[in-house]
Q: 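Can you read through this structure? Questions will come right after.
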Protein chains: 2
Amino acid sequence: MRIGKHRVTAAEVAKRAGVSQPTVSLILSRNPKARVAPETRSRVLKIAEEIGYRPNRLAQGLVRRRSFALGVIVPGFDNPFYVSVLSGAERVAAEAGYAVLFCEAGKVDVVQHLEALRDRQIDGVIIAGIAATTLPPRALDDLNVVLINQPSDRFPTVAGDSLKAGEIAAEHLLSLGHRRVAFIGPANSIPAYRFRERGFVQTLRAAGVSMPSELLRRADATIAGGYTAMRALLAMPDHPTAVFCANDLVALGAHKACGAAGVQLPRYVSLLGCDDIEMDTLVTPELSTIAVPTRELGARAVRLLLRQIEHEGAKPPASQLLPVKLVQRGTTGPVNKRNGGAR
Amino acid sequence: MRIGKHRVTAAEVAKRAGVSQPTVSLILSRNPKARVAPETRSRVLKIAEEIGYRPNRLAQGLVRRRSFALGVIVPGFDNPFYVSVLSGAERVAAEAGYAVLFCEAGKVDVVQHLEALRDRQIDGVIIAGIAATTLPPRALDDLNVVLINQPSDRFPTVAGDSLKAGEIAAEHLLSLGHRRVAFIGPANSIPAYRFRERGFVQTLRAAGVSMPSELLRRADATIAGGYTAMRALLAMPDHPTAVFCANDLVALGAHKACGAAGVQLPRYVSLLGCDDIEMDTLVTPELSTIAVPTRELGARAVRLLLRQIEHEGAKPPASQLLPVKLVQRGTTGPVNKRNGGAR
DNA sequence: ACGGGCTGCCAATACCTATTATCACACCGA
DNA sequence: TCGGTGTGATAATAGGTATTGGCAGCCCGT
């Protein structure tokens, strides 16, 4: 708000109220230890309201050494998962009066984004989809950091229980009678995918079902990756009767490959994704998946970050592991004895 | 960067280089009018580099009356369209050294978000998906604003050519022989949808094809909205042979309704969306649509905003209308004489 | 020798708020 | 009367940078 060409400052309010600028600051910051006469307080508040005074948060930040802004760094929006995380984060941050600086970073320029955030005296950073271990060691020094979906002994973490997700996936497919099952996922990627894979494979093995290496397909964590990998699987003479994918994008790609190959789901192949993104219900049949509370991940990450910021120096808050659960839709069903994969 | 508990400031650099703080500032800001001895310049730069000096952008902003930050306000991420816009905006902004403050605003709290952005001395705001005319008249005073996908005589605008999109849609369906065509879209919504509808209806009429009111279906601009509206259309004894939807979400909902009703696309009904979001290629058959350059909208909006910011006071840059084009995929085909809609 | 212009740098200050230390004052009990 | 106490507000300053105006010193021409 301005009056003419002039900005409304605390000093302006002070002059009109006949008090000093610090008094205005004292009253406006609602500091409990502020001892001001009720009459003065109400007068100042009234005038501030009248001329539309609002503290300049840049100046505030400068003196308080706080920007009241958080950074959120994600690899990109190709995966709706990150959209959801960002959305959840923004809601909580806005409620707490914090701004969200949004950064979309290829693996390359994460460091530059971090530098830029640092220059803005950012109060904390949330990183999703980028393995913290791949960053230069000092890149995160002196920053409040919360990681999403990756374990760390250095920073607090909010994650869906990826190991459990893999286990649930395996149990579900086993319970449907599948014994020849495949996994599609990226090779050296973010921890979440690795845990999903590990939980899946381990649970299968514990049930006496081994997964031969030709059924462990490496693919980009994208729709295209899933498509190609699934096509390769379907081309096998004894193709699997069920496939678990590292995430829903991969599964949707696989879904499409089945459609293109005329392979009916779940009659000939059961297909299971992970994340529970909105697109899952668009395809026919709808994609079965393991639901991860994506928005909640973002929301909790912010809460964790805020706690860390508020009591600076205290021990960082503990990490959180959020439960996941099976969402059975149309792409998983009982194994079909007559299908191509059963020998 | 810090040294011990101490922050690295320009004064620190100055002390070590044996010059004054303003000289450091002069050199670092690469001001062309800066007359400094080359020897001094290189010495200062070297020391700044060594001790890792980086200007505090809060302090910078305070004195330059510029935050080097932009706000992007969108109604939400339900529609991937806005995701794309945000992504395009971020890329360009980051390249120019600007931060993007991201705000997800229900219709209610747009004003509060704007206030918060103002307090942060934001340099400009991009608004998408929220009709500027629905805001309180003074809410945008003294702000640099660029609107997306809505015309305005007050602010520059970047928009896909929605009127043209409607025309193209009509021409496409007409050329396929459809004469009984429907439109699904929200009633009182953002301008883009209204223009699409208008362009569509007008072009039909110009070709001598009228659209009876029962074929103009009102629905939320969501998947669910499209689903319900399409189900109603299909329930009609003489249902349309082709349907154009206000956006792709609606069309995807309609697509799903067809699947559920066992109506083959495009054999019995042709379906056409608008926007060209990624999900379009997930469904079977893939959704035909009118492509809008969504990322480009965000990118151009930022460029427009930057130009407006850089030469403050100059006349606002002209608005831009970006071309759209037909993307023919699997849901549009020639009218089938034997189908239910043709009488 | 002297003045003018140019070069290279610096002092001072603005930007706006929050915090700390301090001060004026009234009141009260001894 | 005086020292002590609590109240209500202020002066001074920090915080880090950019900008304005100006001060020296030097070169050069006359």
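Chain identifiers are assigned alphabetically (A, B, ...) following the order of the sequence lines, protein sequences preceding nucleic acid strands; residue numbering begins at 1 within each chain.
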Q: Measure NZ/B/Lys15 against P/C/dC10 and give the value in whole Å, please.
A: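 For the pair B/Lys15 NZ and C/dC10 P, the rounded distance is 15 Å.
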
Q: Verify side chain to side chain contact (heavy atoms under 4.5 Å, CB included) between B/Arg54 and A/Glu115, making sure each step is shown before the conclusion.
A: CA-CA 9 Å; B/Arg54 313 213 66 195; A/Glu115 289 295 308; 2.8 Å; yes

Q: Check the distance between C/dC16's C1' and A/Leu28's CG and give it to me in whole angstrom.
A: 13 Å

Q: Nearest to the B/Ala37 side chain among C/dT17, D/dG16, C/dC9, which nucleotide is it?
A: C/dC9

Q: CG of A/Leu62 versus P of C/dA14: gap in Å, rounded?
A: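 Result: 17 Å.
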
Q: If you only use heavy atoms from C-beta on, which nucleotide in D/dG8, C/dC9, C/dC15 is closest to the side chain of B/Thr40?
A: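 So the nucleotide nearest the side chain must be C/dC9.
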
Q: Please report the distance, rounded to the nearest Å, between CG in A/Asp119 and P in D/dT17.
A: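 Checked: the CG to P distance equals 10 Å.
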
Q: Between A/Arg64 and B/Arg43, which is nearer to the 5' end of DNA chain C once each is assigned its nearest nucleotide?
A: B/Arg43

Q: Taking CD1 from B/Ile27 and P from D/dA18, how many angstroms apart are they, rounded to a whole number?
A: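 B/Ile27 atom CD1 is separated from D/dA18 atom P by 12 Å.
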
Q: Looking only at heavy atoms, what is the nearest atom pair of B/Pro191 and B/Gln150, with distance?
A: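 B/Pro191 and B/Gln150 have their closest heavy atoms at CG-CB, 3.5 Å.
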
Q: Between A/Arg138 and A/Arg118, which heavy-atom pair has the shortest distance, and what is it?
A: O-NH2, 4.1 Å

Q: Report the nucleotide, chosen from C/dC16, C/dA11, D/dG16, that has the shortest atom-to-atom distance to any side-chain atom of B/Pro22.
A: C/dA11

Q: Can you see if the side chain of B/Thr23 gets near the phosphate of C/dC10 - specifically, an N or O under 4.0 Å from OP1 or OP2?
A: yes

Q: Does D/dA18 have its OP1 or OP2 closer than 4.0 Å to a side-chain nitrogen or oxygen of B/Ser25?
A: yes

Q: Rounded to the nearest 0.5 Å, how far apart are CG of B/Leu297 and OH of B/Tyr82?
A: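 It is 11.0 Å, given to the nearest 0.5 Å.
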
Q: Just checking A/Val19: base, sugar-phosphate only, or nothing, at a heavy-atom cut-off of under 4.0 Å?
A: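 Answer is sugar-phosphate: A/Val19 comes under 4.0 Å of backbone atoms only.
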
Q: Find the distance A/Leu26:CG to D/dT13:P and express it as a whole number of Å.
A: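 One finds 19 Å between P of D/dT13 and CG of A/Leu26, rounded.
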
Q: Between A/Gln21 and A/Glu39, who's closer to the 5' end of DNA chain D by nearest nucleotide?
A: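 By nearest-heavy-atom nucleotide position, the 5'-most residue is A/Glu39.
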
Q: Can a side chain N or O of A/Gln60 be found less than 4.0 Å away from OP1 or OP2 on C/dT17?
A: no

Q: Please report, rounded to the nearest Å, how far the P atom of C/dC15 is from the CZ atom of B/Arg66.
A: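 Checked: the CZ to P distance equals 17 Å.
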
Q: Would you check if B/Leu322 and B/Val292 make a side-chain contact, meaning some heavy-atom pair closer than 4.5 Å?
A: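 The answer is no, as the side chains (C-beta and beyond) never meet within the 4.5 Å cut-off.
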
Q: Tell me which nucleotide among C/dC16, D/dA14, D/dA18 gets nearest to the side chain of A/Val63.
A: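 When the side chain of A/Val63 is considered, D/dA14 is the closest of C/dC16, D/dA14, D/dA18.
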
Q: Is there a side-chain contact between A/Arg65 and the phosphate of D/dG16, meaning an N or O under 4.0 Å from OP1 or OP2?
A: yes

Q: Let me know the distance between CG of A/Asn56 and P of C/dA14, rounded to the nearest Å.
A: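 Nearest whole value for this atom pair: 17 Å.
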
